[in-house]
Number of protein chains: 2
Amino acid sequence: MENRVERIKKQLHEQSYKLTPQREATVQVLLENEEDHLSAEDVYLLVKEKAPEIGLATVYRTLELLNELEVVDKINFGDGVSRYDLRKEGASHSHHHLVCIECGTVDEIQEDLLAEVEKIVEKDYQFKVKDHRLTFHGVCHRCQAKAKKNEESAEAASLHTN
Amino acid sequence: MENRVERIKKQLHEQSYKLTPQREATVQVLLENEEDHLSAEDVYLLVKEKAPEIGLATVYRTLELLNELEVVDKINFGDGVSRYDLRKEGASHSHHHLVCIECGTVDEIQEDLLAEVEKIVEKDYQFKVKDHRLTFHGVCHRCQAKAKKNEESAEAASLHTN
DNA sequence: ATAAAAACGATAACCATTCTCAGTTTAAAA
DNA sequence: TTTTAAACTGAGAATGGTTATCGTTTTTAT
């Protein structure tokens, strides 16, 4: 997977964007933190560890550029900040997430769940689908387990007091 | 449908929120502009026509309150503003939208498209689904037609010049 | 009527993001 | 290589949607 960076570099070069240390460090950070849904601020702080002189504006500019190059996806969970995900190589342009309303963690779900739905939309609404986002909000298995545990210990306590 | 307002009023009263003219005017505006995906600013300007003395902060406060009461849904299309949709009565808590990347209009699509997908998610990921959002980004039928028309006239022009 | 609690309008504060600008770096041409 | 123009950068100001503050007004219960 080491040539993933190389491929991104090549892509920049082909479109006559310059290969700066700041951009390289940013890509590096994104690669090292896949699945983490980093905000621009997050990326900024992480890049600063490698390249302390970098400015926040440059991080924003680089993320915007990578988004246009379709290297990262800019996504929004409605919490007031944009998050930037490295796109899986060869992956279609989709976003399927499970957002836990208890602990806030965001998990991914498999692609292709929506192929059928997409067909229906294209046909019934004459809408040419280029991209989609599907986000489920609910309670993840970890929080369900936690809640169950709390319930049980509350029950035990109630037995003692009664 | 006139008692829709009444029901919302009742709901406010039951939860001991006060029934102020500002809140009433805001609900009225939302009812008169369903399907429009109004931003807070939009609502503010429309309410101002009925009640010119209202403040922007009050509109935000009211929309926030209505969102908590599950009367409106606060949604985000990634364009930097939150939009507020009156929830259909009896409708499940879902958001299905078609966002046109050409003209920016947002259309609704029918509910129930995802019942099957939701089941899979609950089973395979042990994730208790409370809500979901599905947004397709693409080109609406209007813009498809417009593009086709432009193409044709360009062709005609090219025939003349050649 | 009166007092406590809620709600209000105006506007300041906040905060994520974008813009500006003067100085620096890059990469292609000389 | 050196040169040069365009691209890129960091710092911080500006922007814009949203939230917080505060003194005043309105509502509801006593």
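Sequence lines set the chain letters: A, B, ... in the order given, protein chains first and strands last, and positions in each chain run from 1.
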Readout for nucleotides 21-30 of chain D: B = base within 4.0 Å of protein heavy atom, S = sugar-phosphate only, - = neither; 5' to 3' it is B-----BS--

### Query
So if you build clusters from Ile, Leu, Val, Met, Phe, Trp, Tyr with side-chain heavy-atom gaps below 4.5 Å, do A/Leu30 and A/Val81 land together?
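Shared cluster, no.
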
- [ ] Name the nucleic acid region contacted by A/Ser82, choosing base, sugar-phosphate or nothing; use a 4.0 angstrom heavy-atom cut-off, strictly under.
- [x]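 Result for A/Ser82 = sugar-phosphate.
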
Is B/Glu41 touching bases, backbone alone, or none of the nucleic acid, heavy atoms closer than 4.0 Å?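 Nothing: the residue B/Glu41, judged by heavy atoms under 4.0 Å, touches no strand.
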
In whole angstroms, how far is the [atom2] atom of [N] from the [atom1] atom of [X]?
{"X": "B/Asp42", "N": "D/dG16", "atom1": "CG", "atom2": "P", "answer": "16 Å"}
{"X": "A/Ile54", "N": "D/dT9", "atom1": "CD1", "atom2": "P", "answer": "7 Å"}
{"X": "A/Glu53", "N": "D/dC8", "atom1": "CD", "atom2": "P", "answer": "17 Å"}
{"X": "A/Tyr60", "N": "D/dT9", "atom1": "OH", "atom2": "P", "answer": "16 Å"}
{"X": "A/Gln15", "N": "D/dA7", "atom1": "CD", "atom2": "C1'", "answer": "15 Å"}

Outermost DNA chain C nucleotides near chain B [under 4.0 Å, heavy atoms]:
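Footprint of chain B along DNA chain C, 5' to 3': C/dA5 to C/dT11.
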
Checklist line | Backbone N/O of A/Glu64 and side chain of A/Asn67: donor-acceptor pair under 3.5 Å | finding: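 Not a single qualifying donor-acceptor pair exists.
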
Task: Polar side-chain atom of B/Thr62 near backbone of B/Thr58 as donor-acceptor pair, under 3.5 Å - done: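 Yes; at least one donor-acceptor contact below 3.5 Å.
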
Under the criterion salt bridge (charged side-chain N to carboxylate O under 4.0 Å, His left out), I'd like the reasoning laid out for A/Arg83 against A/Glu41: C-alpha separation, chi angles, the key distance, then a yes or no.
CA-CA 9 Å; A/Arg83 299 181 178 277; A/Glu41 185 80 25; over 6 Å; no

Return the 5'-most residue of the pair A/Tyr44, A/Leu65 with respect to DNA chain D, ranking by each residue's nearest nucleotide.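 The residue mapped nearer the 5' terminus is A/Leu65.
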
Please tell me if the side chains of B/Val71 and B/Gln11 come closer than 4.5 Å, counting only heavy atoms from C-beta onward.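 With C-beta onward as the side chain, the pair touches.
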
Carboxylate-amine/guanidinium proximity below 4.0 Å for A/Lys9 and A/Glu6
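A salt bridge is present here (some side-chain N lies under 4.0 Å from a carboxylate O).
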
Enumerate donor-acceptor pairs with a distance under 3.5 Å from any side-chain N or O in residues 13-23 of chain A to protein atoms, sequence neighbours excluded.
unit_1, atom_1, unit_2, atom_2, d
A/Thr20, OG1, A/Arg23, N, 3.2
A/Arg23, NH1, A/Lys18, O, 2.8

Run through A/Leu56, A/Val59, A/Ile54 and flag the one making a side-chain contact (heavy atoms from CB on, under 4.5 Å) with A/Lys48.
->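 Result for side-chain contact (heavy atoms from CB on, under 4.5 Å) with A/Lys48: A/Ile54.
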
> Atom CD of A/Gln28 and atom NZ of A/Lys50: how far apart are they, to the nearest 0.5 Å?
Replying inline: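 A/Gln28 atom CD to A/Lys50 atom NZ measures 5.5 Å (nearest 0.5 Å).
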
